[in-house]
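In this chain, numbering begins with 1 at the start of the sequence shown.
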Amino acid sequence: MDTPPRSGKYKGGVPSFSLTSSPRQAANTRPRTPRSGAVSSTKKRAKLVVDVAPSTPSNRRSSFSLSSPSGVSSPLASRLNSPSRKSMTPRSLKKDLDNSCRYIPVRDDETMDVVRHVVVNGVNGTGTDLGKENPDADPSNAPAPSPAIGVADEFRRRMRGALLKVPVQHAPSTPSSSDLGEEENVDSSNTQRLLSFTTRQRGRPGGSGVVDPNDHDNIHVLSKNRGYEDGSEGSGGKVKVGRHIASAPSRILDAPELVDDYYLNLISWGSENILAVALGQCVYLWNADNGNIDHLLTLEGQDDYVTSVEWAEGQGCGHYVAVGTNNAEVQLWDSRELKLVRTMNGHSQRVGSLAWNKNWLSSGGRDSLIIQHDVRSANHLAATYTGHQQEVCGLSWNEDGSALASGGNENYLCLWDASMSQRRNNNSSSTVSPRLTLNQHCAAVKALAWCPHHRGLLASGGGTADRTIKFWNTNSGAVLNSVDTGSQVCSLLWSKHNKELASSHGFSENQICLWNYPTMTKIAELKGHTARVLHMAQSPDGASVVSAAADETLRFWNIFGKPPSSKRNKGVLGGSSGFGFGGSIR
């Protein structure tokens with residue numbers, strides 16, 4: 001098939017190549033200026049000339065001849081001009097050219113189709129195909145460089161080094177004619193193919209220190225256990241789950257006068273699907289079913305404000321809510337009647353944390369004490385836990401009510417047994433010491449969450465100087481894992497039906513993170529708050545999470561998903577209520 005002409009010097013046909021000393025050569029070749037370092041111009045060389053004469057069916061076959069300086073015949077010229085040259089292939093001709101003389105191509109009438117053919121399908125000076133490689137175990141045994149390398153081979157070698165971005169080493173010496181059929185030994189680091197997929201490991205400290213230039217082409221797949229298939233950590237990557245996790249909140253409520261204090265606990269979501277929110281001196285109740293808001297209380301003292309709220313648990317007790325105050329009181333309120341049931345004293349400073357265990361209410365204060373209240377008894381003081389040295393900012397009972405975890409501002413995490421809380425007699429309370437005191441955190445411990453899937457597994461989060469989430473075996477006190485989150489950990493929540501953990505953070509991202517357990521790979525990162533996310537609470541069905549931040553907003557997130565048995569049912573934030581996207585809690 002004929003190709004169209006590339007210039008106006010001929011009108012059609014395929015250009016034929018001729019190594020000739022005929023008068024045509026002088027006409028088509030203009031004088032060349034000797035380059036620096038080249039051989040003296042008095043020593044003439046054979047030249048490669050392109051015959052661009054239009055081809056016809058009779059002269060379509062390419063003819064080759066070699067011009068010798070001053071008419072002197074050379075062995076190669078005799079061989080090429082012999083009748084047997086017709087049986088020679090371009091590859092064998094190329095070998096003879098490289099081994100016999102150094103040629104400089106004349107580019108005046110060069111055809112780019114031929115250049116492309118040589119670069120793509122050509123061979124190097126040894127007759128070895130460019131795609132074949134035989135790594136040399138000892139680079140010191142590589143042959144010494146030779147000045148007899150051809151220009152085309154040097155061009156290909158340097159082009160390959162530039163494309164692969166590897167240092168260009170000296171080319172191997174030209175082998176003898178007896179070695180033309182053998183493959184040369186070359187350094188495999190300089191002959192890596194582009195887009196090659198290998199099983200090489202990434203360069204790591206303590207390893208070989210050699211960085212694979214094609215490492216960006218390797219594919220890394222997360223394994224089922226942890227990290228990448230090649231053993232590297234996957235902190236930057238996220239795990240996909242079989243459900244949609246919206247990156248935007250489903251609802252936003254204004255929460256004016258929400259106190260910006262890390263040590264307080266100001267929201268709680270009860271079993272009757274009512275959210276209690278403490279705003280300054282007031283407590284408001286937001287019904288997630290219909291969006292109604294009720295005002296529960298307003299403290300009367302000028303310097304008094306609400307420091308903690310917590311809904312009661314258990315059959316028939318879900319409408320009672322405990323409220324801690326800055327004046328060291330613990331109040332018990334009935335949300336149905338909107339009235340105060342009783343007031344319980346015992347602390348000397350503010351009560352910043354509360355936790356229910358059936359009819360037992362635990363309160364932690366700035367006085368470093370934890371008091372057990374029996375709400376059924378007139379003498380409510382059942383036991384006093386002494387083990388902390390500063391303010392108690394986190395309290396959490398496990399699911400079966402057999403163990404209590406507490407976190408303090410002195411960086412302590414204390415574990416207590418419920419059996420130690422029993423009243424010795426009807427007239428006095430007992431003083432109890434912790435079963436275990438764990439001090440591995442480097443900052444205040446507020447965020448506490450017992451795992452509902454593994455008995456005895458506790459997650460805790462540290463403050464600004466710590467920034468870690470730690471997992472504990474509460475039977476032995478051993479640290480099972482520690483994950484650096486990069487920011488202050490304010491709150492932790494376990495999913496009720498998946499092995500997932502949600503954490504809220506402070507500066508600098510003010511985000512909510514969803515983690516897969518036990519790999520602790522990040523599933524989602526939710527941003528929207530403009531200040532630290534101090535509190536989180538979970539809906540009764542376990543699907544939704546509400547976050548309260550120092551930007552005085554409440555945001556609702558559908559991150560945990562429905563349990564398998566109720567995926568078709570309407571959630572606690574169902575759209576039939578007609579309650580809009582935005583609003584205020586009061």
_Val259 and Leu264: CA distance, side-chain angles, deciding distance, side-chain contact (heavy atoms from CB on, under 4.5 Å) verdict_ = CA-CA 8 Å; Val259 180; Leu264 307 184; 3.9 Å; yes
*Examine the side chains of Gln488 and Thr464 and answer whether a donor and an acceptor come within less than 3.5 Å of each other.*
yes
*What residues, two or more places apart in sequence or in another chain, satisfy ring pair (Phe, Tyr, Trp, His ring centres under 6.0 Å) together with His373?*
His380
*Sidechain-backbone polar pair: Trp450 side chain, Ser396 backbone, donor-acceptor under 3.5 Å*: yes
*Does the side chain of Ser362 come within less than 4.5 Å of Leu404's, by heavy atoms?*
yes
*Side chain proximity check, Ser487 to Phe507, heavy atoms < 4.5 angstrom*: no
_Just so I know, are the side chains of Asn265 and Val309 near enough to count as touching, which here means a heavy-atom distance under 4.5 Å?_
no
*What closest approach, in Å, do Ser363 and Leu354 show between heavy atoms, and which atom pair accounts for it?*
CB-CD2, 3.6 Å
*asked:* Any side-chain to backbone donor/acceptor pair from Ser268 onto Trp311? Under 3.5 Å, distance only.
replied: yes
*asked:* I'd like to know if the side chain of Gln511 reaches the main chain of His505, judged simply by a donor and an acceptor atom lying under 3.5 Å from each other, with no hydrogens or angles considered.
replied: no
*Is the closest side-chain donor-acceptor distance between Asn273 and Asn287 under 3.5 Å?*
no
_side chain to side chain contact (heavy atoms under 4.5 Å, CB included) partners for Ser508, two or more places apart_ = none
*Using 30° and 60° as the class limits, which term best fits the ring planes of Trp494 and Tyr517: parallel, tilted or perpendicular?*
perpendicular
*Got a sec: does the CZ of Arg342 have more than 12 other heavy atoms crowding it under 6.0 Å?*
yes
_Can a side-chain donor-acceptor contact be found between Asp484 and Thr468 if the only test is distance below 3.5 angstrom?_
no
*For residues Leu492 and Val489, report the shortest heavy-atom separation together with the two atoms involved.*
CD2-CG1, 4.1 Å
*Shortest non-hydrogen separation from Val306 to Leu266 and the atoms involved*: O-CD2, 3.6 Å
_Spacing of CG belonging to Leu361 relative to CD belonging to Glu313, to within rounding of 0.5 Å_ = 11.0 Å
_Distance check, rounded to the nearest 0.5 Å: Asn359 atom CG versus Ser377 atom OG?_
10.0 Å
_For a quick check under 3.5 Å, do Asp400 and Ser402 share a side-chain donor-acceptor pair by atom type?_
yes
_One pair to check against side-chain contact (heavy atoms from CB on, under 4.5 Å): Leu296 and Leu338. What are the steps and the verdict?_
CA-CA 6 Å; Leu296 181 63; Leu338 301 179; 3.8 Å; yes
*Just checking, is any N or O donor in the side chain of Asp551 or Thr553 under 3.5 Å from an acceptor N or O on the other one?*
yes
_Can you classify the ring geometry of Phe556 versus Trp286 as parallel (below 30°), tilted (30 to 60°) or perpendicular (above 60°)?_
tilted
*Quick one: does Leu381's side chain get under 4.5 Å of Ile371's, heavy atoms only?*
yes
*Just how far is it from atom CG of Asp294 to atom CG of Leu297, taken to the nearest 0.5 Å?*
12.0 Å
*Taking all heavy atoms of Ala355 and all of Trp397, pick out the closest pair and write down the distance.*
CB-CD1, 3.8 Å
Would you give me the side-chain donor-acceptor pairs under 3.5 Å for residues 314-321, sequence neighbours excluded?
none

*Backbone N or O of Gln372 within a donor-acceptor pair of the Trp360 side chain at under 3.5 Å?*
no
*Could you walk me through whether Trp515 and Ser503 pass the side-chain hydrogen bond (donor to acceptor under 3.5 Å, both in side chains) test, one step at a time?*
CA-CA 8 Å; Trp515 309 84; Ser503 60; 2.9 Å; yes
*Just wondering, do Tyr262 and Asn409 contact through their side chains at under 4.5 Å, heavy atoms?*
no
*asked:* Tell me whether Arg336 is salt-bridged to Asp334, with the criterion being a basic N under 4.0 Å from an acidic carboxylate O.
replied: no
_Taking Val351's backbone N and O only, do any of them form a donor-acceptor pair with Thr307's side chain (distance below 3.5 Å, no angle check)?_
yes
*Check Lys496 against His453 and note the closest heavy-atom contact, atom names and distance.*
O-CE1, 3.6 Å
*Look up atom CG in Asn439 and atom CG in Asn411, then write down how far apart they are to the nearest 0.5 Å.*
8.5 Å
*asked:* Rounded at 0.5 Å granularity, tell me how far CD in Gln281 sits from OG1 in Thr298.
replied: 7.5 Å
*Is there a side-chain contact between Ser482 and Lys470, using heavy atoms and a 4.5 Å cut-off?*
yes
*Evaluate side-chain contact (heavy atoms from CB on, under 4.5 Å) for Ile512 paired with Leu514, printing each intermediate quantity in order.*
CA-CA 7 Å; Ile512 297 174; Leu514 183 62; over 6 Å; no
*Please confirm whether the backbone N or O of Thr384 pairs with a side-chain atom of Thr431, one donor and one acceptor, at under 3.5 Å?*
no
*Drop me the distance from Leu415's CG to Leu436's CG, to the nearest 0.5 angstrom.*
5.5 Å
*Flag side-chain contact, heavy atom, 4.5 Å: Leu501 against Ile469*: yes
*asked:* salt bridge (charged side-chain N to carboxylate O under 4.0 Å, His left out), that's the test. Do Asp260 and Arg532 meet it? Break it down for me.
replied: CA-CA 9 Å; Asp260 182 7; Arg532 57 180 180 174; 3.1 Å; yes
_Whether Asn326 side chain and Asp303 backbone form a donor-acceptor pair below 3.5 Å_ = yes
*Side-chain touch Lys562/Arg243, heavy atoms, less than 4.5 angstrom*: no
_Test item: Asn357 side-chain N/O and Gly401 main-chain N/O as donor-acceptor pair under 3.5 Å_ = yes
*Step by step, work out the side-chain contact (heavy atoms from CB on, under 4.5 Å) result for Asn498 and Phe560.*
CA-CA 8 Å; Asn498 294 317; Phe560 284 142; 5.6 Å; no
_Polar side-chain atom of Asp417 near backbone of Ser419 as donor-acceptor pair, under 3.5 Å_ = no
*Side chains of Ser460 and Trp472: do they bring a donor and an acceptor to under 3.5 Å?*
yes
*Scan side-chain atoms only and decide if His441 and Asp466 contain a donor-acceptor pair under the 3.5 Å cut-off.*
yes
*His347 to Gly365 - nearest heavy-atom pair and separation*: CE1-N, 3.6 Å
*Looking only at atom types and distance, does a side-chain atom of Ser491 sit under 3.5 Å from a main-chain N or O of Ser504, one as donor and one as acceptor?*
no
